[in-house]
Peer 1: 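The structure's right below; bear with me while I get my questions together.
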Amino acid sequence: MNKRRVVIGVLGTELDRRGKRANRMKKWRPTVGLCMQEGMPVDRLELLHQPTDINLVSAVQQDIQQVSPETTVNTHAIAINDPWDFEEVYAAFLDFATHYPFDTEHEEYLVHITTGTHVAQICWFLLTEARYLPANLLQTSPAKRQGDEPVSPAGTCSTIDLDLSRYAKLTSRFQHEQQESVSFLKSGIETRNPGFNRTIDQIERVALRSSAPVLLTGPTGAGKSFLARRIYQLRQARHLVTGQLVAVNCATLRGDNAMSTLFGHVKGAFTGALQARSGLLREADGGVLFLDEIAELGLDEQAMLLKAIEEKTFFPFGSDKEVHSDFQLIAGTHRNMHEWVAQGHFREDLFARINMWTFRLPGLAERREDIAPNIHYELGRYARDHQAQIRFDKEALARYQDFACSAGAQWRGNFRELGSSIARMATLAEQGRITESLVDEEIARLQANWNPPAHSVPPLPVDISQLDLFDQRQLETVIEVCQRSSTLSQAGRELFAVSRQKKANPNDADRLRKYLARFGLSWDDVK
């Protein structure tokens, strides 16, 4: 059984009034024209109109009966004081849609969006997209003249299906733009690590859809500062921010200087405050504030930052007058924030506020499959910065990549260390060629940095007379790694660098904690 076709639309007070009474049937009028379409009969027209347009409604009804007697016209007087007021128009249309007796089993619905103000057209679209109206959109337009033939008053019409999967080219365009945004965040590097790629995909969506705080965690040199800048540039390109990117490393802030740098101060607030200072939070108004190593902030600064994030106001140091600043916060840290909060170094309420979107950036040793594309990226960056053509000899590149991807390459400084390594070889390259001998020298240099000369091992915090020599030496190594690591997780990643690759969900911290417990030791005992 064919469904009845029902069209919903508003009276066009200008377009539907076109033409004098004598020749109006020769003019294109949207509401009348949609009832004249060959092959698309309209069984019923639901026509919304202002109460004051009753005469025009009556005339349009008569003309539709003349050109399409099978069409039933139902009129609905809806009072809208300001047709350009979005809230008023949307509320009126929503009220109509909510109370209309839709019968989708026996009827198909079209919403005519050609008539009405732009506000009306947008409201029809939003209500249809949200399925308050179980319909497709219908658009009509005047017909184009074909030679000397008279222009048809019926015009043309087309439906707009909101299922974007039906529009392959449009969908492809959206997907291409999304991929370009992701590639931008990665600086065009063709990364291969599945976990990292999933993280960047999520960051791209968050960057374009949310202005909530973003927390980037991971070891030093993993690219937190670089990614924060790319997030800002992506939001700026999409006109989501109007202000600037303001960045500061919180590890450099201490005492009065911390308060002054972040929140500003008034003249005379403390000894040496000869002039007033606006502070970084005010400079970031309308833009993005990147607080690298946020875990190093003092507790007083943390309390003021929480107020600034939640209320967008704060007191400059030494002032009793609040100032306003609306910024997006991106924070970075190498700390395990849950442990840091538990130890009392970071406010739990502030952590809860900035933990809306938390993304961990893995270190280079955890992304060995991404080392090769990053080598090419770093070499290209050096060439651009120094206006020089630099390349690896084939054998040299293979040797360096084999070493860089091996389990013995520790990459404690992560991508920053890789960039420095490439820059050293590029600087020493004669005639723009990085040879095997240069690679060998660099490998030796890296190994020396990672394995400094043996030094006296501090006394073990256990009775070694009860341990085999094998266990003594193993424990010495574990303690040495723990003492130069910032966190339990960082030490575990270095100690279990090979075996962790075979685990779907490696928990390095738990493995190391259990190992230490065998000797009655804890993390605090060996630090």
Side-chain angles (χ1 to χ4, degrees), residues 84-87 90 118-119 122 125-126 173-174 176-188 200-216 223-250 253 258-266 275-294 297 301-302 304-317 319 321-333 350 353-359 361:
W84 293 97
D85 185 292
F86 188 98
E87 185 175 358
Y90 186 87
H118 294 321
V119 170
I122 292 171
F125 171 83
L126 293 174
R173 171 73 179 273
F174 287 150
H176 177 70
E177 290 185 354
Q178 192 266 344
Q179 290 169 357
E180 282 191 338
S181 297
V182 170
S183 179
F184 176 81
L185 291 177
K186 298 190 294 186
S187 296
I200 295 299
D201 285 341
Q202 291 182 354
I203 290 175
E204 184 269 345
R205 291 195 289 272
V206 170
L208 296 179
R209 301 177 187 178
S210 173
S211 59
V214 174
L215 177 61
L216 304 177
K224 298 184 291 294
S225 299
F226 181 82
L227 183 57
R229 180 170 295 278
R230 300 299 275 189
I231 292 173
Y232 165 75
Q233 291 171 342
L234 179 61
R235 288 180 59 79
Q236 184 186 45
R238 299 299 180 85
H239 309 288
L240 297 173
V241 293
T242 57
Q244 60 182 322
L245 171 68
V246 178
V248 63
N249 188 324
C250 297
L253 304 179
M259 284 287 191
S260 173
T261 300
L262 292 174
F263 306 103
H265 65 251
V266 296
Q275 293 181 335
R277 182 176 184 179
S278 61
L280 297 183
L281 269 67
R282 291 183 70 183
E283 292 178 13
D285 187 24
V288 172
L289 175 67
F290 176 53
L291 296 181
D292 197 11
E293 299 300 348
I294 190 173
L297 271 184
E301 290 79 16
Q302 294 175 29
M304 289 187 65
L305 179 61
L306 177 61
K307 171 180 168 59
I309 296 172
E310 292 186 334
E311 302 178 13
K312 304 187 188 307
T313 60
F314 57 91
F315 290 95
F317 189 32
S319 175
K321 182 179 180 181
E322 282 189 318
V323 296
H324 175 273
S325 182
D326 186 1
F327 56 86
Q328 181 186 13
L329 176 68
I330 302 178
T333 182
L350 177 58
R353 188 65 181 83
I354 67 174
N355 197 30
M356 172 71 177
W357 298 108
T358 297
F359 301 98
L361 303 186

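Starting from 1, each residue takes its place in the sequence as its number. Values below: all heavy atoms of this structure, side chains included; hydrogens, waters and symmetry mates excluded.
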Peer 1: Taking salt bridge (charged side-chain N to carboxylate O under 4.0 Å, His left out) as the definition, give me every residue that meets it alongside Asp326, ordered by chain and number, with sequence neighbours left out.
Peer 2: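 Result, salt bridge (charged side-chain N to carboxylate O under 4.0 Å, His left out) vs Asp326: Lys312.
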Peer 1: Using modelled atom types and a 3.5 Å cut-off, is there a donor and acceptor pairing between side-chain atoms of Gln302 and backbone atoms of Leu297?
Peer 2: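 At least one qualifying donor-acceptor pair exists.
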Peer 1: Do you know which two heavy atoms are closest between Gln244 and Tyr232, and how far apart they sit?
Peer 2: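 Looking at all heavy atoms of both residues, the closest pair is CA-OH, 3.3 Å.
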Peer 1: Atom CG in Leu305, atom CG in Leu262: separation rounded to 0.5 Å?
Peer 2: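 Going from CG on Leu305 over to CG on Leu262, the span is 7.5 Å.
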Peer 1: How far apart are the closest heavy atoms of Ser319 and Val266, and which atoms are they?
Peer 2: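 Where Ser319 meets Val266 most closely, the heavy atoms are CB-CG1, 3.5 Å.
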Peer 1: For Asp85 and Val119, run side-chain contact (heavy atoms from CB on, under 4.5 Å): C-alpha distance rounded to whole Å, both residues' side-chain angles, the deciding distance at 0.1 Å, then the answer.
Peer 2: CA-CA 7 Å; Asp85 185 292; Val119 170; over 6 Å; no
Peer 1: Do Thr261 and Arg277 come close enough that some side-chain heavy atom pair is under 4.5 Å?
Peer 2: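 In contact.
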Peer 1: A side-chain contact here means heavy atoms from C-beta on lying under 4.5 Å apart; do Pro316 and Val323 qualify?
Peer 2: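 Of all side-chain heavy-atom pairs linking Val323 with Pro316, at least one is under 4.5 Å.
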Peer 1: Checking Glu322 now: which residues fulfil salt bridge (charged side-chain N to carboxylate O under 4.0 Å, His left out) with it, not counting sequence neighbours?
Peer 2: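 Glu322: salt bridge (charged side-chain N to carboxylate O under 4.0 Å, His left out) contacts with Lys307.
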Peer 1: Indicate the atoms forming the closest heavy-atom contact of Ala207 with Ile231, along with that distance.
Peer 2: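 That would be CB-CG2, 3.9 Å.
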Peer 1: Once side-chain hydrogen bond (donor to acceptor under 3.5 Å, both in side chains) is applied, do any residues pair with Ser278, and if so which ones, sequence neighbours excluded?
Peer 2: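 Applying side-chain hydrogen bond (donor to acceptor under 3.5 Å, both in side chains) to Ser278 gives none.
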Peer 1: Residues two or more places apart in sequence or in another chain: which of them pass ring pair (Phe, Tyr, Trp, His ring centres under 6.0 Å) with Phe314?
Peer 2: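 Counting only residues at least two positions away or on another chain, Phe314 forms a ring pair (Phe, Tyr, Trp, His ring centres under 6.0 Å) with Phe263.
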Peer 1: What's the shortest heavy-atom distance between Phe290 and Ala331, and which atoms?
Peer 2: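 Answer, listing the atom of Phe290 first, then Ala331: CE1-C, 4.0 Å.
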Peer 1: Could I get the full list of side-chain hydrogen bond (donor to acceptor under 3.5 Å, both in side chains) partners for Arg235, not counting sequence neighbours?
Peer 2: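 Arg235: side-chain hydrogen bond (donor to acceptor under 3.5 Å, both in side chains) contacts with Gln328.
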Peer 1: Please name the pair of heavy atoms, one in Ser210 and one in Trp357, separated by the smallest distance, quoted to 0.1 Å.
Peer 2: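 Result for this residue pair: OG-NE1, 3.4 Å.
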Peer 1: I need the Ile330 CD1 to Ile354 CD1 distance, nearest 0.5 Å.
Peer 2: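 If I round to the nearest 0.5 Å, the distance is 12.0 Å.
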Peer 1: Can you tell me how far CG of Leu253 sits from CD of Glu293, rounded to the nearest 0.5 angstrom?
Peer 2: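 Glu293 atom CD to Leu253 atom CG measures 11.5 Å (nearest 0.5 Å).
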Peer 1: To the nearest 0.5 Å, what is the distance between CD1 (Ile200) and CZ (Arg205)?
Peer 2: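 Here the rounded value is 11.5 Å.
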Peer 1: If we check side-chain contact (heavy atoms from CB on, under 4.5 Å) with Val246, which of these qualifies: Leu291, Leu289, Asp285, Val288?
Peer 2: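 Answer to the side-chain contact (heavy atoms from CB on, under 4.5 Å) test with Val246 among Leu291, Leu289, Asp285, Val288: Leu289.
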Peer 1: Sequence neighbours excluded, which residues qualify as side-chain hydrogen bond (donor to acceptor under 3.5 Å, both in side chains) partners of Asp292?
Peer 2: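 Scan of Asp292 (side-chain hydrogen bond (donor to acceptor under 3.5 Å, both in side chains), adjacent residues dropped) gives Ser225.
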Peer 1: Please give me the minimum heavy-atom distance between Leu280 and Val248, naming the atom from each residue.
Peer 2: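 For Leu280 versus Val248, the nearest heavy atoms are CD1-CB, 3.5 Å.
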Peer 1: Any chance you could measure Phe317, atom CZ, to Glu301, atom CD, to the nearest 0.5 Å?
Peer 2: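 Phe317 atom CZ to Glu301 atom CD measures 9.5 Å (nearest 0.5 Å).
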Peer 1: Apply side-chain contact (heavy atoms from CB on, under 4.5 Å) to Leu126 and list each qualifying residue two or more places apart in sequence or on a separate chain.
Peer 2: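 If we apply the side-chain contact (heavy atoms from CB on, under 4.5 Å) test to Leu126, skipping adjacent residues, the hits are Phe86, Tyr90, Ile122, Glu129.
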Peer 1: Can you name the ring pair (Phe, Tyr, Trp, His ring centres under 6.0 Å) partners of Phe327, sequence neighbours left out?
Peer 2: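 Partners of Phe327 under the ring pair (Phe, Tyr, Trp, His ring centres under 6.0 Å) test: none.
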Peer 1: Please name all residues satisfying side-chain hydrogen bond (donor to acceptor under 3.5 Å, both in side chains) with Asn249, sequence neighbours left out, ordered by chain then number.
Peer 2: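 For Asn249 there are no side-chain hydrogen bond (donor to acceptor under 3.5 Å, both in side chains) partners, ignoring immediate neighbours.
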Peer 1: Between CD of Gln236 and CZ of Arg229, what distance do you get to the nearest 0.5 Å?
Peer 2: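 Answer rounded to 0.5 Å: 10.0 Å.
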Peer 1: Would you indicate whether Glu87, at its atom CD, is surrounded by more than 12 heavy atoms from other residues, nucleotides or ligands within a distance under 6.0 Å?
Peer 2: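 Atom CD in Glu87 is not packed in, count stays at 12 or less.
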